[in-house]
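Written below as structure tokens is the structure these notes are about.
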2 protein chains.
Amino acid sequence: MADLNKLLTPLFLNEKEIRKIIELMFFAYRDFTSGPDALLEKIDFGRAHHRVIYFVGKKEKITIKELLSILQITKQSLSRVLNQLVKEKYIILSIGEDKRTKNLTLTKKGHELENELSTIQIEKIKKILKDSDEDNISGFKTLLYEMIDDKNKIKFDKLNY
Amino acid sequence: MADLNKLLTPLFLNEKEIRKIIELMFFAYRDFTSGPDALLEKIDFGRAHHRVIYFVGKKEKITIKELLSILQITKQSLSRVLNQLVKEKYIILSIGEDKRTKNLTLTKKGHELENELSTIQIEKIKKILKDSDEDNISGFKTLLYEMIDDKNKIKFDKLNY
DNA sequence: ATAACTAAGTCAATATGGCTGACCTAAATA
DNA sequence: TATTTAGGTCAGCCATATTGACTTAGTTAT
């Protein structure tokens with residue numbers, strides 16, 4: 001049976017090949033986030049601050065509820081990080097049309113930090129994309145997308161409508 | 001100049017496209033690890049335990065030093081997690097040829113947990129690979145590999161020699 | 001108009017997974 | 001013999017997350 005599997009399983013479905021992908025995800029994600037992490041440390045922020053700044057930059061006037069739904073953390077967890085960002089004037093809160101809600105917006109200072117952080121990752125990706133053909137790039141994006149849970153694919157799509 | 005950029009920059013080098021990749025990495029990695037995370041919680045373990053079990057399973061008789069070099073955490077951080085795994089008999093330590101070193105090996109119990117955890121991720125990947133053509137798969141692996149820092153590419157290569 | 005629901009905020013306690021620094025033992029090596 | 005290396009440990013600290021209980025104010029449905 002083991003031999004039969006060897007004959008019938010396509011090369012890319014071998015467990016060894018799949019384990020390679022598990023490791024690639026681990027190494028790639030860690031190194032992809034290490035650049036921003038180092039910069040954040042200097043200003044006593046962490047990855048959590050980056051995420052908030054990133055998504056507030058992505059969607060101007062995002063509400064707390066939307067942010068929580070993207071980040072999938074608790075209100076209490078977000079609160080600590082967000083309060084720091086507001087106190088240090090990276091983000092401003094304003095009351096929304098529905099007066100129960102609040103709209104988050106990056107300040108100039110916030111945009112500058114967002115830009116510094118994103119630039120690190122953007123440049124890294126640019127370097128890779130420049131040396132890759134379009135088929136590889138499209139495969140990369142497609143398979144990453146497929147790794148997202150269905151319920152979260154919708155959230156990703158909404159961010160990129 | 002902005003117009004000139006629009007004309008000269010290939011579509012896949014647009015900032016918008018690159019930001020999509022940043023988000024794909026965030027969503028994909030989180031959802032990729034959520035399966036094992038849920039299982040680990042039931043037995044009061046965390047992601048750190050998973051990593052240790054994974055790499056001990058990957059490389060029988062791995063030493064503490066090698067493990068630290070892969071995980072890139074401190075000895076003290078590893079210690080807490082590893083001691084639990086040894087105490088609960090998922091891993092056994094034995095003295096290496098160089099008597100200063102120790103070889104880590106999964107017990108039967110350890111293999112079973114490793115298998116349960118990995119199966120979740122392997123099945124997820126299998127499903128994706130079955131619906132993808134080989135070019136896409138190869139692009140996915142190539143670009144993930146390129147996201148790894150050069151010094152860590154060597155470590156990845158050694159794991160998969 | 002009132003009841004129910006929703007968005008946001010807060011207090012407190014807890015867990016996990018990292019970190020630094022200091023210090024130790026035993027074995028290998030120069 | 002002196003130094004380096006592999007591993008271990010104690011103590012304290014920090015960041016990021018959790019759960020649960022509770023409040024306020026605004027919106028919506030009956």
Side-chain angles (χ1 to χ4, degrees), chain A residues 26 29-30 33-34 36-56 61-88 91-105, chain B residues 26 29-31 33-34 36-56 59 61-88 91-105:
Chain A
F26 170 66
Y29 188 77
R30 189 182 54 189
T33 51
S34 66
D37 283 355
L39 199 157
L40 288 156
E41 214 188 348
K42 290 185 199 162
I43 52 172
D44 280 300
F45 282 165
R47 213 176 276 182
H49 300 84
H50 186 189
R51 286 178 193 145
V52 171
I53 285 194
Y54 181 88
F55 287 109
V56 174
K61 297 203 174 182
I62 195 169
T63 63
I64 303 281
K65 195 195 169 189
E66 289 172 310
L67 198 47
L68 287 176
S69 143
I70 292 169
L71 298 176
Q72 287 178 211
I73 56 174
T74 57
K75 208 170 33 165
Q76 296 91 321
S77 293
L78 175 59
S79 162
R80 181 184 35 86
V81 170
L82 184 56
N83 284 339
Q84 285 175 275
L85 289 168
V86 170
K87 191 176 284 168
E88 299 189 27
I91 285 176
I92 44 165
L93 301 177
S94 58
I95 290 169
E97 281 185 55
D98 178 336
K99 286 172 186 167
R100 289 170 306 177
T101 68
K102 292 195 178 160
N103 298 134
L104 313 193
T105 313
Chain B
F26 170 66
Y29 188 77
R30 190 183 52 189
D31 287 349
T33 51
S34 65
D37 283 354
L39 200 157
L40 288 156
E41 214 188 347
K42 290 185 200 163
I43 51 171
D44 280 300
F45 282 165
R47 213 176 277 183
H49 301 83
H50 186 189
R51 285 177 192 147
V52 172
I53 284 193
Y54 181 88
F55 286 110
V56 174
K59 191 172 181 189
K61 296 201 174 183
I62 195 170
T63 64
I64 302 282
K65 195 194 170 192
E66 289 172 310
L67 198 49
L68 287 174
S69 145
I70 291 169
L71 299 174
Q72 285 177 214
I73 57 175
T74 58
K75 206 170 32 165
Q76 296 91 322
S77 294
L78 175 58
S79 162
R80 184 176 29 80
V81 170
L82 184 56
N83 285 338
Q84 284 176 273
L85 289 168
V86 171
K87 191 177 286 168
E88 299 190 27
I91 287 176
I92 45 165
L93 301 176
S94 56
I95 291 168
E97 282 185 56
D98 178 336
K99 285 175 185 165
R100 290 171 305 176
T101 68
K102 291 193 180 161
N103 298 135
L104 313 193
T105 313

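Order of the sequence lines sets the chain letters (A, B, ...), proteins ahead of strands, with each chain counted from 1.
Remark: B:His50 pairs with no residue by the ring pair (Phe, Tyr, Trp, His ring centres under 6.0 Å) rule, at least two apart or across chains. B:Tyr54 meets the ring pair (Phe, Tyr, Trp, His ring centres under 6.0 Å) test with no other residue; sequence neighbours excluded. Evaluation of the side-chain contact (heavy atoms from CB on, under 4.5 Å) rule for B:Arg47 yields B:Tyr29, B:Thr33, B:Asp37, B:Arg51 as partners, not counting sequence neighbours.
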Considering only nitrogen or oxygen atoms on both sides, find all protein atoms under 3.5 Å from nucleotides 1-4 of chain D and state each distance.
none

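As rounded to whole Å, 10 Å separates atom P of C:dA7 from atom CD of A:Glu66. Summarising the geometry, the separation between CZ on B:Arg47 and C1' on D:dA17 is reported as 11 Å, rounded to the nearest angstrom. Atom C1' of nucleotide C:dG17 and atom CG of A:Asp37 are separated by 14 Å, given to the nearest angstrom. For the pair B:Glu97 CD and C:dA28 C1', the interatomic distance rounds to 14 Å; values are reported in whole Å. Rounding to whole angstrom units, CD1 of residue A:Ile62 and C1' of C:dA8 are separated by 15 Å. Rounded to an integer number of Å, the gap from CZ of A:Arg51 to P of D:dA15 is 15 Å. B:Lys102 has its NZ atom 11 Å from the P atom of C:dA27, to the nearest Å. Atom-to-atom, CG of A:Leu93 to C1' of C:dA7 comes out at 13 Å; the value is rounded to the nearest Å.
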Please evaluate residues B:Val81 and B:Ile73 with respect to the criterion side-chain contact (heavy atoms from CB on, under 4.5 Å), reporting the C-alpha separation (whole Å), side-chain torsions for both, the decisive distance (0.1 Å), and the verdict.
CA-CA 11 Å; B:Val81 170; B:Ile73 57 175; over 6 Å; no
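Within residues 71-85 of chain A, the residues that have a heavy atom under 4.0 Å from DNA chain D are, in order of number, A:Gln72, A:Ile73, A:Thr74, A:Gln76, A:Ser77, A:Arg80. Using a 4.0 Å cutoff on non-hydrogen atoms, the parts of residues 39-46 of chain B near DNA chain C are B:Gly46, ordered by number.
Nearest heavy atoms, B:Ile62 versus B:Phe55: CD1-O, 4.1 Å. Closest non-hydrogen pair, B:Leu71 versus B:Leu78, comes out as CD1-CD1, 4.2 Å.
From B:Ile64, atom CD1 reaches atom CZ of B:Arg100 across 14.0 Å, with rounding to the nearest 0.5 Å. Rounding to the nearest 0.5 Å gives a distance of 11.0 Å between NZ of A:Lys99 and OG1 of A:Thr101. In this structure, CD1 on A:Ile43 lies 10.5 Å from CD on A:Gln84, to the nearest 0.5 angstrom.
For B:Asp98, taking side-chain heavy atoms from C-beta onward, the closest of the listed nucleotides C:dA8, C:dA28, C:dG18 is C:dA28. Comparing D:dT16, D:dG8, D:dG26 by their nearest atom to the side chain of A:Lys99 picks out D:dG26.
Close to D:dA15, at under 4.0 Å from its OP1 or OP2, lies no side-chain N or O of A:His49.
In this structure, A:Leu85 and A:His49 have side chains that are in contact, with non-hydrogen atoms separated by less than 4.5 Å.
Between B:Leu104 and the choices B:Leu67, B:Thr63, B:Ile53, the side chain to side chain contact (heavy atoms under 4.5 Å, CB included) rule is met once, by B:Leu67.
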